[in-house]
Amino acid sequence: MKILLTGATGFVGSNILEFLVENHEVDEIYLILRSTSEQNASSRFQDMVAASNTIARHYNKVKLFNGDLSVRNFGLKENEYKFLTQQTNIVIHAAASTQFDLELTEAMKINFDGTKHILDFSEACKEFKHLFYISTAYIVGNYPQVFKESDYNVNQKFENSYEETKYLAEGEVRRGISSLHSTIIRPSILIGDSQTGKVQGFKVLYPFIKLIAQKALSIIPCQSEACLNLVPIDYFNLIFSILFKYQLSKNKPSHLNISTSTFHVINNQNAMIKDLIEYGCPILNIEAPLLVDPEKLPPQRRRVIKRMFNHYFPYLNRPHLFDNSNTLKVAQHQCPIIGKDIIKNMLNYCCEVGYLNKHR
Ligand SMILES: NC(=O)c1ccc[n+]([C@@H]2O[C@H](COP(=O)([O-])OP(=O)(O)OC[C@H]3O[C@@H](n4cnc5c(N)ncnc54)[C@H](OP(=O)(O)O)[C@@H]3O)[C@@H](O)[C@H]2O)c1
């Protein structure tokens, strides 16, 4: 198998890369990596090799292409793009902007245009077999009912450019499904490894945890029953490895009766915010912020608080319900419940690498 992988410098993509390099059926992996103002793509890749013994062991399997997904043909030279279309048979698209506060036009460039460029590329591949697309369960938007794997347009409204552009991008992948074999994987909120707490990059939930750790929040505007759907990355890795094998297998067992090629990677038990606070604050030696129902705040204070919590506010105040029947039929593993030990491992890792500090 020869695989094109996007997003390898990111949290999800770096985990997928570790899985691919160790997979004996994978012969070559092509990465599309951007240069930054400080570092060219090849020196970024050297850093990835230095950070991972697994990648370092299989260094020779990986070939680097300095490209930008938001640009047509990834901005590659004609001969490079042609080489990739001749060689690649599997595409894994894990690149995206996960920033909630990007302008819609900026978010569209990477999340929507980038995905369209991946679909164009897949169609141009001579020996194309399958596209794995990493979507998000949060294309659910404000839909108040259980969001099923077969659901897509449920008349939901979106809270930010991330949700909206990921929704639109998934729409393009779904349209392409008739001509391309594709799998859509929708994780909820990913956190570090359940055993070690290890995480690559501190995004999504982590900046919020940092605000609490810095004692910048004395209250959290949510009801006492508020919860989040959290998935440790090792569970995502397990499910990805099973789906990868299953979706590429020629003889799928018909008794599983899988109705769509969309799979939710979610936790069947939401984590209560009050429990996360109760477990986490003693580890950081800080006083627990109070959970205050925003509806009970005077209107002016509520407006200020809502503005202050900005992008987090909807996530604290919308219980999301996801169904993962397809995933469970194929993978038969449930996500671990987020209890004291997982929170301890997560916060200890953040402190060990200097992202958070414990107070004395
Ligand atoms: N993290 C979560 O909790 C979570 C939950 C659900 C779904 N997801 C989905 O999982 C996927 C990966 O997310 P993540 O958490 O790994 O995000 P991440 O850590 O922010 O990584 C994003 C990756 O995309 C790459 N990228 C962005 N724009 C690019 C461009 N124009 N050209 C080439 N590469 C580009 C980044 O490269 P640079 O290093 O060059 O910026 C990076 O490698 C996304 O589709 C996201 O929607 C994530």
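Only a predicted model underlies this, so the values are computations on that prediction, with no experimental measurement involved.
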Distance (rounded to the nearest 0.5 Å) between Gln300 CD and Ile305 CD1: 11.5 Å

Spacing of Phe208 atom CZ and Tyr315 atom OH [to the nearest 0.5 Å]: 13.0 Å

Gln86 side chain to Lys126 side chain, donor-acceptor N/O pair below 3.5 angstrom: no

Flag, side chain of Lys166 to backbone of Ile134, donor-acceptor distance under 3.5 Å: yes

Heavy-atom side-chain proximity of Phe19 to Asn15 below 4.5 angstrom: no

Whether Tyr81 and Phe121 hold their rings parallel, tilted or perpendicular, with breakpoints at 30° and 60°: perpendicular

Any donor-acceptor pair under 3.5 Å from Ser249 side chain to Lys252 backbone: no

Over 12 foreign heavy atoms within 6.0 Å of NZ, Lys129: no

Trace of the side chain to side chain donor-acceptor pair (under 3.5 Å) decision for Asn229 with Asn267: CA-CA 6 Å; Asn229 198 281; Asn267 202 318; 5.7 Å; no

Single-linkage hydrophobic cluster Leu102~Met108, side-chain heavy atoms < 4.5 angstrom: no

Distance-only donor-acceptor check, side chains His130 and Thr183, under 3.5 Å: yes

Connected hydrophobic set around Val146, excluding itself, where side chains approach under 4.5 Å: Leu321

Flag, side chain of Asp68 to backbone of Phe74, donor-acceptor distance under 3.5 Å: no

Spacing of Ile220 atom CD1 and Asp293 atom CG [to the nearest 0.5 Å]: 13.5 Å

Side-chain heavy atoms of Ser182 within contact of Ser261, under 4.5 Å: no

Between Lys340 and Asn345: side-chain donor-acceptor atoms closer than 3.5 Å: no

Modelled atom types, side-chain donor and acceptor of Thr115 and Glu172, under 3.5 Å: no

Shared hydrophobic cluster for Ile342 and Met272 (ILVMFWY, side-chain gaps under 4.5 Å): no

Flag side-chain contact, heavy atom, 4.5 Å: Phe244 against Ile92: yes

Phe11 six-ring centre to Lys203 NZ/CZ under 6.0 Å and within 45° of normal: no

Phe147 and Tyr143 aromatic ring geometry - parallel, tilted or perpendicular at 30°/60° bounds: perpendicular

Heavy-atom donor-acceptor pair, Thr88 side chain to Thr85 backbone, under 3.5 Å: no

Same apolar cluster (I L V M F W Y, side chains within < 4.5 Å links), Met1/Tyr59: yes

Asn66 and Ser35: side chain donor to acceptor below 3.5 Å: yes

Donor-acceptor contact below 3.5 Å, side chain Asp193 vs main chain Gln195: yes

Salt-bridge present (Lys245, Glu25; N to O < 4.0 Å): no

Heavy-atom pair with the smallest gap, counting every atom of Cys351 and Leu284: SG-CD2, 3.9 Å

Donor-acceptor pair, side chain of Glu163 and main chain of Glu159, under 3.5 angstrom: yes

Pair Ser97, Glu106: side-chain N/O donor-acceptor within cut-off below 3.5 Å: no

Salt bridge Glu170-Arg186, side-chain N to carboxylate O under 4.0 Å: yes

Test log, rule side chain to side chain contact (heavy atoms under 4.5 Å, CB included), inputs His117 and Thr6: CA-CA 12 Å; His117 296 148; Thr6 71; over 6 Å; no

Side-chain donor or acceptor of Thr165 paired with backbone N/O of Tyr162 under 3.5 Å: yes

Side-chain donor-acceptor contact under 3.5 Å, Thr262 with Glu149: no

Common cluster, Val304/Leu290, ILVMFWY with side-chain heavy-atom separation under 4.5 Å: no

Straight-line distance of Ile283 CD1 to Cys281 SG, nearest 0.5 Å: 9.0 Å

4.5 Å side-chain heavy-atom contact, Phe202 and Cys350: yes

Separation of Leu230 CG from Ile343 CD1 (nearest 0.5 Å): 7.0 Å

Single-linkage hydrophobic cluster, 4.5 Å side-chain cutoff, Leu297 and Met308 together: yes

Sub-4.5 Å side-chain heavy-atom contact between Leu356 and Ile209: yes

Nearest-0.5 Å distance, OG1 of residue Thr327 to CZ of residue Phe322: 12.5 Å

Glu78-Asn73 side chain donor-acceptor pair, cut-off 3.5 Å: no

Sidechain-backbone polar pair: Asn142 side chain, Lys157 backbone, donor-acceptor under 3.5 Å: yes

Under 3.5 Å donor-acceptor, Ser43 side chain and Gln39 backbone: no

Min side-chain heavy-atom separation Leu104-Glu164 under 4.5 Å: yes

Non-hydrogen side-chain atoms of Leu69 and His93 separated by less than 4.5 Å: yes

Flag, side chain of Thr54 to backbone of Glu18, donor-acceptor distance under 3.5 Å: no

Side chain to side chain contact (heavy atoms under 4.5 Å, CB included) against Thr9, all qualifying residues, sequence neighbours excluded: Leu33, Arg44, Met48

